[in-house]
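Heads up, the thing below is written out as structure tokens.
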2 protein chains.
Amino acid sequence: MRKTKRREGGKTDNRGTAGPSSRRPVPETDYEAVFRDFLQARGLKLTRERMVILEEVFKHDDHFDIDEFHMKMRKKGLKVSRASIYRTLPLLQECGLVDEVKTTERQAFYEHIHGRRHHDHLVCLSCGKVMEFYSPAIERLQEEICRRRRFKSLRHVLEIQGHCKDCA
Amino acid sequence: MRKTKRREGGKTDNRGTAGPSSRRPVPETDYEAVFRDFLQARGLKLTRERMVILEEVFKHDDHFDIDEFHMKMRKKGLKVSRASIYRTLPLLQECGLVDEVKTTERQAFYEHIHGRRHHDHLVCLSCGKVMEFYSPAIERLQEEICRRRRFKSLRHVLEIQGHCKDCA
DNA sequence: TTGAGATTGAGAACAAATCTCAATCGTGGC
DNA sequence: GCCACGATTGAGATTTGTTCTCAATCTCAA
Ligand SMILES: [Mn+2]
Ligand SMILES: [Mn+2]
Ligand SMILES: [Zn+2]
Ligand SMILES: [Zn+2]
């Protein structure tokens with residue numbers, strides 16, 4: 001009982017951002033190039049959906065979860081399925097453009113990290129605000145701990161939960 | 001369409017651990033007293049199920065998730081529903097007997113912390129092993145970060161993921 | 001231009017956690 | 001000890017985030 005109509009056709013809107021070797025009315029951005037090269041190197045295809053998602057991610061200057069993200073796209077009239085978003089974000093992660101922050105809450109959130117450095121998070125339990133911090137000292141101590149145990153660290157999550165100064 | 005039969009009766013097995021002022025064939029443990037006092041103070045009832053769960057938690061000397069925990073109880077013939085476990089563990093948390101460790105993986109896990117100190121975790125992505133560590137220096141640095149931002153920290157999660165020395 | 005193979009979307013499937021509510025239990029007051 | 005009544009339980013339903021399915025569709029190297 002699956003709907004038969006699909007991709008209600010229409011505006012292909014290639015915008016020239018992706019055309020293999022066509023003129024570029026809009027110069028390709030860094031992150032577009034990064035993503036394109038990544039896809040190519042992996043034998044993956046540069047689809048309209050993937051590009052739309054990429055652009056949208058880089059318009060967000062904040063942390064976001066997938067549902068919220070999907071909703072915003074729909075409101076703008078950008079037709080991309082939730083499934084594609086769930087499939088594309090891990091790709092963006094793999095090429096280092098996006099970071100998935102697995103929270104201790106139920107939903108993971110994402111943020112683009114184009115050229116940004118690793119950091120950890122303070123999460124306000126009242127208003128949901130997410131603040132960032134980076135402590136070289138903490139990072140060093142973690143490395144030290146792993147070294148002592150001969151544990152090969154691949155990643156870590158440090159999330160401090162509490163109340164921000166506005167909610168105290 | 002709910003089953004009508006309930007609590008297939010039988011062995012009440014009070015074991016004397018909970019009797020209000022009866023003789024105590026088995027001396028009450030610390031944690032039993034802690035839990036009992038907590039329940040009393042909150043006007044909650046000391047039920048067979050809660051006691052069974054408590055005992056079982058303190059037989060586990062490791063981290064466990066609820067489903068695994070429930071399964072083990074069933075195998076032993078201890079009849080307690082998953083729902084009751086989901087309801088009781090937060091109580092044990094509130095009275096400080098148990099710690100819920102929200103991981104970056106999907107399932108949270110628990111551990112009893114009777115008299116034990118806060119610590120953080122190294123998780124091996126190959127074998128699933130969980131190792132513990134405690135770094136006063138890291139804790140201090142976190143406090144410092146919160147102070148600087150006037151953030152009131154209630155809890156934190158620090159989980160380092162990677163490969164343990166046996167899996168490297 | 002074309003076809004093999006990758007991708008998509010809608011909804012189904014999954015899984016952890018929470019909720020529902022009738023049947024049952026625990027406890028303080030008698 | 002017995003009672004009454006609020007608390008608790010269990011089985012299944014529900015919720016919710018995420019992943020899977022697969023026919024239709026698209027992409028791109030040749
Ligand atoms: Mn961040
Ligand atoms: Mn632990
Ligand atoms: Zn806040
Ligand atoms: Zn291991």
Check: B:H156 side chain, A:L158 main-chain N or O, donor-acceptor pair, under 3.5 Å:
no
What is the separation between atom CZ on B:R48 and atom C1' on C:dC25, rounded to the nearest whole Å?
11 Å
Assess the residue pair A:M131 and A:C164 against the criterion (side chain to side chain contact (heavy atoms under 4.5 Å, CB included)); give the C-alpha distance rounded to whole Å, side-chain angles, the decisive distance to 0.1 Å, and a yes or no.
CA-CA 9 Å; A:M131 284 155 285; A:C164 74; 3.9 Å; yes
Salt bridge check: are B:R116 and B:D99 linked by an N-O gap of less than 4.0 Å?
no
May I have all residue pairs that pass side-chain hydrogen bond (donor to acceptor under 3.5 Å, both in side chains) and include part of residues 85-96 of chain B, sequence neighbours excluded?
B:R42-B:E94
pair A:L54-A:E32: side-chain heavy atoms closer than 4.5 Å
yes
Rounded off to whole Å, could you give me the CE-to-C1' distance for the B:M51 and D:dT8 pair?
15 Å
From CD of A:E68 over to P of D:dT18, roughly how many Å is that when rounded to an integer?
12 Å
A:I85 CD1 - C:dA10 C1' separation (whole Å)
14 Å
Hey, is the side chain of B:S84 poking within less than 4.0 Å of OP1 or OP2 on D:dG10, counting only N and O atoms?
yes
From NE2 of A:H70 over to C1' of D:dT19, roughly how many Å is that when rounded to an integer?
15 Å
Pairs: protein N or O with nucleotides 28-30 of chain C N or O, under 3.5 Å:
none

Rounded to the nearest angstrom, tell me the gap between atom CG in A:D65 and atom C1' in D:dT16.
12 Å
Can you find a pair of side-chain heavy atoms, one from B:Y31 and one from B:V57, that are under 4.5 Å apart?
no
Ignoring hydrogens and angles, tell me if any N or O in the side chain of B:H70 forms a donor-acceptor pair with the backbone of B:D65 under 3.5 Å.
no
Earlier contact from the 5' end, DNA chain D, for B:V80 and A:T47:
B:V80
Is there side-chain contact between A:H121 and A:T103, with heavy atoms separated by less than 4.5 Å?
no
Restricting to ring pair (Phe, Tyr, Trp, His ring centres under 6.0 Å), what partner residues turn up for A:Y110, sequence neighbours left out?
none
Between A:R148 and A:I145, is there a side-chain heavy-atom distance shorter than 4.5 Å?
yes
Can the positive tip of A:R117 be found less than 6.0 Å from the middle of the six-membered ring of A:Y134, inside 45° of the ring normal?
yes
Whole-Å gap separating C1' (D:dC28) and CZ (A:R36)
13 Å
Rounded to whole Å, CG of B:L78 lies from P of D:dT9 at a distance of 15 Å
For the hydrophobic clusters of this structure (ILVMFWY residues joined by side-chain heavy atoms under 4.5 Å, transitively), does one cluster hold both A:V101 and A:I66?
no
Please find the pair of heavy atoms, one from B:L154 and one from A:H163, that lie closest to each other, and give the distance.
CD1-NE2, 3.5 Å
Tabulated below should be each protein N or O lying under 3.5 Å from an N or O of nucleotides 15-19 of chain C; please produce it.
| residue | atom | partner | partner atom | Å |
| --- | --- | --- | --- | --- |
| C:dA16 | OP1 | B:Q107 | NE2 | 3.3 |
| C:dA17 | OP1 | B:A108 | N | 3.4 |
| C:dA17 | OP2 | B:Y86 | OH | 2.7 |

Check: protein-nucleotides 4-6 of chain C nitrogen or oxygen pairs below 3.5 Å:
| residue | atom | partner | partner atom | Å |
| --- | --- | --- | --- | --- |
| C:dG5 | N2 | A:K45 | NZ | 2.8 |
| C:dG5 | N3 | A:K45 | NZ | 3.3 |
| C:dA6 | O4' | A:K45 | NZ | 3.2 |

Dot-bracket line, read 5' to 3' along DNA chain D, where crossing pairs take [ ] and | marks a partner on another strand, Watson-Crick or G-U under 3.5 Å
||||||||||||||||||||||||||||||
Is there side-chain contact between A:C146 and B:L122, with at least one heavy-atom pair below 4.5 Å?
yes
